[in-house]
Amino acid sequence: MARSLFSFTTQRSLLSLLLSSTSLSQVLQLHAQLITRALASDPFVASRLLLAISEIPVISSDATTYADLILSRCPRANTFIWNTVVRIHAAGLEPRRAVVVFRRMRQEGLDTDSYTYPFVLKACGLFLGWEEGGQIHGDVVKKGLDFDLFVTNGLISMCCRCGNLASARRLFDRFLEKDLVSWNAMIGGYASRGEMRQAQELFDEMPERDAFSWAIMIDGYGKKAMDVDSARRLFDCLPDRDLVCWNSMIDGYAGVGRMDDARELFEMMPTQNVISWSILIDGYVNHGDPKEALILFQQMLRQGIRADKVCAVGAISACAQLGALDLGRWVHFYLRKNKVLLDIVVQTALVDMYMKCGSLDHARMVFESMSDRNVISWNAMIVGLGTNGHGEKALELFFRMEREGAAMDDLTFLGVLSACTHAGLVDEGLSIFHRMKGDFGIEPSIEHYGCLVDLLGRAGRLAEAKNVLDTMPVEANPALWGSLLASCRVHRAVDMAAACVQHIAELGADDSGVYILMSNIYADKGMWEDVWRTRRLMGEKGMKKESGRSVIEVDGVVLEFVNGDRSHFLMEDMLRVTWCLSEMCTSLG
DNA sequence: CTAGGGTTAG
């Protein structure tokens, strides 16, 4: 009936348009046209709409909601339609919803077939829903689908992803019609958990191998088992290496900090993609060379490779480590200009970067604009506010976090406690420390005790601080005694300071810094005999003062200062610093 | 009528 409302040819052209649409808004426009013609409830039209959605490269939450809507408006939906909705959810941001749709499908008495299970199982593997997967497994056996290649491969990889290697292996061994994918899934299960002995055994046994098999093994040895040399031996055996193999091998080296080896392969590989660059950039960021990371980032852009959000996170954290605000803002601007979708990871990296660069307003702006926040985002704000000297604001944010019922972890408390310390909010800090276990279920670690000692010590409540160290459930370490020692200097408590040094020495951690601090405490009090005695002791122990080092960004240029070393200090840099300082002085009036 | 499984970077 509905069909007679508009001509067959118009319908056909609409449908062919649908098949070639590449964005949700295009699909929506077409749907609107179809709705006005009262056609959307037609199963055939619904299936076309859903197929169009499933072909969008990135399934947004709008897309999944829309798929649910189409399903609900289509009373005569068949198995194909339901399968497609399950598939859309499995590819979306919340794979769990695929299982929800699957359950409704069964409740409403629809037939499930060999196309239903691979998608549901994939979803289970993605959110690690082994419980649900186990039930589905029973279902599959009842339906006699456990001999279907796709269904069984789905089961094997679901079991592997959920860490149930024994079940996966049972399925694998009993399955006589195994293909290359079955082998790769099983080997991947072992490799992703670093069980390389078992993976290697199967790898040697398998009838044929493809690029995936090699990539799985190289990645398993390099990243998961931290055995880069074995990974390299396989890599060298491999006749024609694809991009993934190169990247996995480079990532293996970067993961263990062998940046020279990583770099050498990077230069050798035939072509690099944005992932290759990201691996290298991240490697430098994680192994103490953020400056090199930024140089690479700029090189990559110059070669015409667009940065994606993963790569940007590397660059942003390099900026954070360097305190390079101008560059960080530039990366932020780049992402906006290139319409790169800012997800929670990028936004959190930006918050962290702005905080580390001391730009609280920008950090706050990004944080407030976030539609979703996790514990890492909150921590970045709380820790950042604390280290920038805004203890009250950090505390405020902590209470807001509590009100909103956001999950906290041990870093949250390290952040808020040290914020209290620096703002002199001693009683507030104490109260939070004492609520940690009861109200938030987080057992204080040795670091939290460190904060407590600091909190009390800096406020001059030295006896209470020492009492914490003497009575805490785990034994205090040199760092904790060191923190009390630092408080002793501030409050000129010579005797307690000497006791701290004693403890540190007993723990075998008495480095030059400890004695220098101690001798400074004596000096503050004019106890020169003790100063010289301490200096002599240092000489006897063969200690020398170590050099300090710092890095700053001035006017877009990153400068590195090493105490006692002026070689980096070029005249040009000197001029920039001078200019910058004079600018600042002028603006301060 | 139509569709499907395995690898790589935070």
Side-chain angles (χ1 to χ4, degrees), chain A residues 15 18-19 43-55 78-88 90-91 113-123 125 145 148-158 160-161 168 172 175 178-189 191-192 199 206 209-220 222-224 241-252 254-255 272-283 285-286 307-318 343-350 352 374 376:
Chain A
L15 294 182
L18 255 178
L19 282 175
F44 181 66
V45 175
S47 71
R48 283 297 169 204
L49 280 167
L50 288 166
L51 267 186
I53 294 175
S54 77
E55 276 162 22
N78 53 26
T79 298
F80 177 82
I81 289 176
W82 283 86
N83 284 352
T84 310
V85 177
V86 169
R87 180 157 65 98
I88 289 169
D113 62 14
S114 65
Y115 282 89
T116 319
Y117 292 98
F119 303 127
V120 193
L121 289 167
K122 183 190 171 144
L145 285 171
D148 183 280
L149 182 64
F150 289 85
V151 175
T152 308
N153 283 345
L155 274 170
I156 292 173
S157 39
M158 187 272 295
C160 285
R161 290 197 78 119
F172 178 82
F175 190 37
K178 293 190 267 286
D179 72 346
L180 190 52
V181 175
S182 330
W183 284 89
N184 284 343
M186 194 63 235
I187 292 175
S192 66
M206 68 194 294
R209 307 183 184 100
D210 65 358
F212 281 103
S213 327
W214 289 90
I216 292 166
M217 291 299 287
I218 291 169
D219 181 61
K223 283 288 280 197
K224 308 300 186 328
R241 310 175 180 113
D242 70 349
L243 193 54
V244 179
C245 285
W246 282 96
N247 284 345
S248 290
M249 191 60 237
I250 294 172
D251 196 29
Q272 299 100 344
N273 66 358
V274 64
I275 297 177
S276 328
W277 288 91
S278 300
I279 292 167
L280 214 56
I281 289 171
D282 255 29
V285 167
N286 294 329
D308 68 358
K309 60 185 175 186
V310 179
C311 190
V313 168
I316 293 166
S317 34
D343 65 5
I344 189 167
V345 180
V346 187
Q347 288 170 318
T348 302
L350 284 169
D352 180 63
N374 61 19
I376 308 173

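Side-chain atoms are counted along with the backbone in the values below, which use heavy atoms only and exclude waters and symmetry mates. We name chains A, B, ... by the order of the sequence lines, and we start the count at 1 in each one.
- Nucleotide B:dT7 holds its P atom 7 Å from the CD1 atom of A:Ile216, rounded to whole Å.
- Distance, A:Lys224 NZ to B:dA9 C1': 11 Å, rounded to whole Å.
- Scored by the ring pair (Phe, Tyr, Trp, His ring centres under 6.0 Å) test, A:Phe119 finds no partners at all (sequence neighbours excluded).
- Put simply, the residue from A:Leu50, A:Val86, A:Leu49 that forms a side chain to side chain contact (heavy atoms under 4.5 Å, CB included) with A:Ile81 is A:Leu50.
- Within 4.0 Å of A:Asp242, counting heavy atoms only, lies no atom of the nucleic acid at all.
- In this structure, A:Asp251 atom CG and B:dT7 atom P are separated by 16 Å, rounded to whole Å.
- When heavy atoms are screened at a 4.0 angstrom cut-off, A:Ser114 is found touching base atoms of the nucleic acid.
- The shortest side-chain heavy-atom distance between A:Val346 and A:Val310 does not fall under the 4.5 Å cut-off.
- At least one donor-acceptor pair under 3.5 Å links the side chain of A:Ser54 to the backbone N or O of A:Leu51.
- Ranking B:dG6, B:dA9, B:dG4 by closeness to the A:Phe212 side chain, first place goes to B:dG6.
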Enumerate the protein-to-nucleotides 1-3 of chain B contacts in which both atoms are nitrogen or oxygen and the separation is below 3.5 Å.
{"unit_1": "B:dA3", "atom_1": "N1", "unit_2": "A:Asn83", "atom_2": "ND2", "d": "3.1"}

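- Shown here for A:Ile216 and A:Gly188, the closest heavy-atom pair between the two residues is CG2-CA, 3.5 Å.
- Rounded to an integer number of Å, the gap from A:Phe175 CZ to B:dG6 P is 15 Å.
- For the pair A:Asn247 CG and B:dT8 P, the interatomic distance rounds to 12 Å; values are reported in whole Å.
- Considering only side-chain atoms of A:Asp210, the nucleotide from B:dT7, B:dA9, B:dG6 that sits closest is B:dG6.
- Regarding A:Met217, its CE atom lies at a distance of 15 Å from the P atom of B:dT7, rounded to whole Å.
- Going from atom CH2 of A:Trp277 over to atom C1' of B:dA9 covers 15 Å, rounded to whole Å.
- Remark: C1' of B:dA9 and CD1 of A:Ile250 are 12 Å apart, rounded to the nearest angstrom.
- A 6.0 Å sphere centred on CG of A:Leu243 holds more than 12 heavy atoms belonging to other residues, nucleotides or ligands.
- Heavy-atom minimum distance, A:Ser213 versus A:Met206: OG-CE, 3.8 Å.
- A:Ile218 comes within 4.0 angstrom of no nucleic acid atom, judged by non-hydrogen atoms across all strands.
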